[in-house]
Amino acid sequence: MSSYQKEQAETLNMVYRHLRTISVQERQRLLSQISDYLLFRDTVDAFLGEHFDNICTQKCYQSNLSACCSRESIITFFGDVVVNVLVSNETEINALAMVLKKRNDGFKCIYLGDHGCMWRIKPIICEMFLCDPAKASVFKEKPLTNKLWIELKEREKHYRWPDRPVLFDDLEKYFMAVGYSSPLMYLNNSPGLLRVKELAGKSNQK
Ligand code: SF4
């Protein structure tokens, strides 16, 4: 198991175990906390489905290129894991845990299964990635889609970019408050993102 897989597996296990211990009411509260983000993800899915499905299927999936998923260690935020565990069933979580125990011999993401990504709500970095050829092709043909994509990229920041209070930070802090830590808690341990918070704090004081 690579160090990447170990980090992923430990975080998945930690989140899953903790969420099993909380009350139904607390789970409902967390689901309500992520509901706006899930709506955002539905909007992105609808946009991608309408404008990019054809080109991605033809150029990438049918040719087995799957370029978006060809990187071995895709960044996943702690918040990604929490959201996904909250909305997944036990079978889906077990499948993720199992695949993380396997050796990754290929040049593809460990989570790429026979039917695509194994996450129910895939990591935000993956969701918001469009390769340059796909963007060039679609945006040239339908210029309005470029504007819509920029708006979606801006909205994405409201969940994970800590120059303001954001969901992914809140989810990390929720687990930190009960004693957990994970290398995937980037919003609380990445020097770059801590600096973003610090600068945002200073500009709010002005
Ligand atoms: S996590 Fe899913 S969407 Fe992201 S690279 Fe891996 S298989 Fe692809």
Side-chain angles (χ1 to χ4, degrees), residues 1-16 19 34 37-135 137-138 149 152-153 155-157 159-161 167-168 171-172 182-187 190 193:
M1 189 191 274
S2 69
S3 58
Y4 173 79
Q5 285 172 240
K6 193 163 176 287
E7 282 176 2
Q8 296 282 312
E10 284 173 358
T11 303
L12 176 69
N13 191 23
M14 174 207 302
V15 170
Y16 181 61
L19 292 181
I34 67 168
Y37 176 65
L38 294 178
L39 285 176
F40 166 69
R41 293 294 300 260
D42 285 347
T43 306
V44 179
D45 281 345
F47 172 87
L48 295 175
E50 185 179 347
H51 303 292
F52 283 86
D53 250 16
N54 279 347
I55 186 165
C56 294
T57 305
Q58 275 168 24
K59 295 235 161 148
C60 226
Y61 192 73
Q62 281 170 357
S63 65
N64 282 332
L65 195 61
S66 282
C68 314
C69 303
S70 61
R71 284 181 43 209
E72 201 196 331
S73 306
I74 193 81
I75 288 182
T76 57
F77 290 96
F78 188 82
D80 282 320
V81 179
V82 178
V83 168
N84 192 53
V85 172
L86 275 169
V87 299
S88 297
N89 60 38
E90 201 171 331
T91 308
E92 290 165 328
I93 301 297
N94 285 340
L96 292 175
M98 288 300 289
V99 83
L100 285 168
K101 288 185 185 149
K102 290 187 183 163
R103 216 177 114 123
N104 189 5
D105 288 325
F107 296 98
K108 299 205 168 194
C109 173
I110 189 87
Y111 295 119
L112 185 61
D114 292 341
H115 305 289
C117 182
M118 295 171 67
W119 289 51
R120 184 182 275 253
I121 303 289
K122 67 172 77 154
I124 187 75
I125 295 282
C126 307
E127 179 81 343
M128 301 308 292
F129 174 79
L130 286 172
C131 71
D132 289 338
K135 281 192 287 193
S137 168
V138 172
W149 182 240
L152 290 172
K153 293 288 278 184
R155 277 177 68 188
E156 176 207 0
K157 290 188 193 159
Y159 301 102
R160 74 165 185 91
W161 191 249
L167 175 69
F168 278 25
L171 293 176
E172 288 184 11
S182 158
L184 306 193
M185 291 174 168
Y186 294 111
L187 281 80
S190 147
L193 292 181

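All ligand and atom numbering here is 1-based and tracks the order in the structure. Keep in mind the model is a prediction, meaning the values are calculated, not measured.
- The shortest distance between side-chain heavy atoms of Glu156 and Trp161 does not fall below 4.5 Å.
- The distance between the ring centers of Tyr186 and Phe168 does not fall below 6.0 angstrom.
- Of all atoms in ligand 1, listed by their number and element, those nearer than 4.0 Å to a heavy atom of Pro123 are 1 (S).
- Side-chain contact between Lys101 and Met1 is present, with heavy atoms from C-beta onward closer than 4.5 Å.
- When side chains are defined from C-beta on, Ile125 does not count as touching Phe129, because their heavy atoms never get closer than 4.5 Å.
- One distance of note links CZ of Phe77 with OH of Tyr159; it measures 15.0 Å at 0.5 Å rounding.
- With a cut-off of 2.8 Å, the protein N/O/S atoms near atom 8 (Fe) of ligand 1 add up to 1.
- From Asp45, atom CG reaches atom CZ of Phe40 across 10.0 Å, with rounding to the nearest 0.5 Å.
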